[in-house]
Engineer: 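Structure incoming, see below.
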Amino acid sequence: MKRKFEIFGFSIGWFAIIAQFFLMLENRQADIPETIIRFFSFFTILTNIIVALFLTISVFRFKKFPFNLFLAKGTLTAITAFIVIVGLVYQIVLRKIWEPTGLQYIVDELLHTIIPLFMLGYWFFNIRKEDLLLKPVFNWLIYPSIYLVFIIVRGNISGYYPYPFLNIKEIGYESVLLNITVIFTIAIVIMIALSIIGKFKFKNNPL
């Protein structure tokens, strides 16, 4: 059952990622190389790729380096926290600023709603006790840290920011810094919350 669940998860994940890639190429507002860079500049895309990789590695049981990094302690909880953040930010901040239609609507819902909810359910039923240790979970904060440095540096050079709340040219450094602080705070809160929920689950269901 777990394997079928994982196959379903990585199937919808890769479908949504690949479909979004071609949709972005089809509706590009820049040349192809720049469009590809912009595609991989979205935290949504990168996080969904990480989720899809995790599920793919789990299905095919890749255990050699570097695939085994996805099987390390805390990884499942950290990945789940990040994809939940993707869903929350979209629902609270981004959903109201545009109205996709057709295939774009389907892909958007998969990337921002279905896959986050899927991953949250997968996490709940498949966590191990070692996935709830906060130190290895917090180590994953290096991922959004590197991402934000890249976006800000590249944004200053190219003038392109994938999200309005990171657009220094439009809202200024202070507002961007505040938004980053809020996002990191939410990430830490979600990580701690997942750890507490997981420990409560094991306490009540030790087997």
Side-chain angles (χ1 to χ4, degrees), residues 8-57 66-67 69-70 78-119 140-173 175-177 179-180 182-184 186-187:
F8 173 76
F10 89 69
S11 296
I12 63 172
W14 288 121
F15 166 77
I17 293 163
I18 294 169
Q20 182 60 64
F21 178 74
F22 283 105
L23 284 169
M24 195 162 176
L25 284 177
E26 182 180 2
N27 301 295
R28 65 183 182 272
Q29 298 176 333
D31 59 32
I32 291 178
E34 174 65 17
T35 300
I36 292 173
I37 294 173
R38 291 184 181 186
F39 176 77
F40 289 105
S41 295
F42 285 92
F43 189 76
T44 292
I45 296 299
L46 294 177
T47 305
N48 272 279
I49 288 174
I50 290 174
V51 168
L53 282 172
F54 173 84
L55 294 171
T56 303
I57 290 167
F67 305 114
L69 296 176
F70 285 83
I79 291 174
T80 302
F82 292 136
I83 198 66
V84 168
I85 291 170
V86 166
L88 288 176
V89 171
Y90 182 79
Q91 309 304 331
I92 297 171
V93 179
L94 301 175
R95 181 179 286 278
K96 59 188 176 182
I97 68 176
W98 82 315
E99 298 180 358
T101 59
L103 179 59
Q104 183 64 73
Y105 173 79
I106 295 172
V107 170
D108 254 39
E109 291 303 315
L110 285 172
L111 293 172
H112 300 103
T113 306
I114 305 301
I115 293 173
L117 290 175
F118 169 89
M119 200 59 191
W140 269 83
L141 289 172
I142 192 172
Y143 158 53
S145 299
I146 293 174
Y147 169 80
L148 288 168
V149 170
F150 167 75
I151 292 304
I152 290 173
V153 171
R154 186 172 191 277
N156 278 326
I157 296 172
S158 68
Y160 175 78
Y161 297 88
Y163 299 106
F165 51 84
L166 296 178
N167 194 326
I168 293 174
K169 292 179 65 176
E170 294 292 332
I171 64 176
Y173 279 97
S175 294
V176 169
L177 182 59
N179 291 336
I180 290 173
V182 170
I183 292 171
F184 264 83
I186 292 172

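Reckoned from all heavy atoms, side chains included, excluding hydrogens, waters and symmetry mates.
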Engineer: If you take all heavy atoms of Tyr105 and Pro100, which pair is closest and at what distance?
Structural biologist: CB-O, 3.6 Å
Engineer: Check whether more than 12 heavy atoms from other residues, nucleotides or ligands sit under 6.0 Å from atom CZ of Phe150, and answer yes or no.
Structural biologist: yes
Engineer: When you compare the side chain of Phe82 with that of Asn48, does any pair of heavy atoms fall below 4.5 Å?
Structural biologist: no
Engineer: Looking at Arg28 and Leu25, would you say the former's side chain and the latter's main chain have a donor-acceptor pair under 3.5 Å?
Structural biologist: yes
Engineer: For Tyr147 and Ser41, indicate whether the former's side chain and the latter's backbone hold a donor-acceptor pair under 3.5 Å.
Structural biologist: yes
Engineer: Where do Thr35 and Ala30 come nearest, in terms of heavy atoms and distance?
Structural biologist: OG1-O, 3.3 Å
Engineer: Answer whether the closest heavy-atom distance between the side chains of Arg95 and Thr113 falls below 4.5 Å.
Structural biologist: yes
Engineer: Measuring from Met24:CE to Phe42:CZ, what's the distance to the nearest 0.5 Å?
Structural biologist: 4.5 Å
Engineer: Rounded to the nearest 0.5 Å, how far does CZ of Phe118 lie from CG of Leu110?
Structural biologist: 11.5 Å
Engineer: Could you tell me which non-hydrogen atom of Ala16 sits nearest to which non-hydrogen atom of Val107, and how far apart they are?
Structural biologist: O-CG1, 3.5 Å
Engineer: Any side-chain heavy-atom pair from Val89 and Thr44 closer than 4.5 angstrom?
Structural biologist: no
Engineer: Are any non-hydrogen side-chain atoms of Phe21 and Ile17 less than 4.5 angstrom apart?
Structural biologist: no
Engineer: Indicate yes or no: at least one non-hydrogen side-chain atom of Ile171 is less than 4.5 angstrom from one of Val176.
Structural biologist: yes
Engineer: Would Ile183 and Leu148 count as a side-chain contact (heavy atoms from CB on, under 4.5 Å) if you check the C-alpha gap in whole Å, the side-chain angles of each, and the deciding distance to 0.1 Å?
Structural biologist: CA-CA 11 Å; Ile183 292 171; Leu148 288 168; over 6 Å; no
Engineer: Against Ile12, only a single residue in Ile114, Leu111, Leu55 fulfils side chain to side chain contact (heavy atoms under 4.5 Å, CB included); can you say which?
Structural biologist: Ile114
Engineer: Please name the pair of heavy atoms, one in Glu34 and one in Arg154, separated by the smallest distance, quoted to 0.1 Å.
Structural biologist: OE1-NH2, 2.5 Å
Engineer: Looking only at non-hydrogen atoms, find the nearest pair between Ile115 and Gly13 and report the distance.
Structural biologist: CD1-CA, 3.7 Å
Engineer: May I have the step-by-step check of side chain to side chain donor-acceptor pair (under 3.5 Å) for Tyr143 and Thr47, ending in yes or no?
Structural biologist: CA-CA 10 Å; Tyr143 158 53; Thr47 305; 2.8 Å; yes
Engineer: Could you tell me whether Ile142 atom CD1 has more than 12 heavy atoms of other residues or ligands within 6.0 Å of it?
Structural biologist: no
Engineer: What is the distance from atom CD1 of Ile146 to atom CD1 of Ile151, rounded to the nearest 0.5 Å?
Structural biologist: 12.5 Å
Engineer: Hey, does the side chain of Tyr163 reach the backbone of Phe43 with a donor-acceptor pair shorter than 3.5 angstrom?
Structural biologist: yes
Engineer: Say you draw a straight line from CD of Gln20 to CD1 of Ile106; how long is it, rounded to the nearest 0.5 Å?
Structural biologist: 12.5 Å
Engineer: Do you know the tightest heavy-atom contact between Tyr161 and Gly155?
Structural biologist: OH-C, 3.3 Å
Engineer: Return the CD to CD distance between Gln104 and Glu99, rounded to the nearest 0.5 Å.
Structural biologist: 13.0 Å
Engineer: Quick check for you: to the nearest 0.5 Å, what is the distance between Trp14 atom CH2 and Ile49 atom CD1?
Structural biologist: 6.0 Å
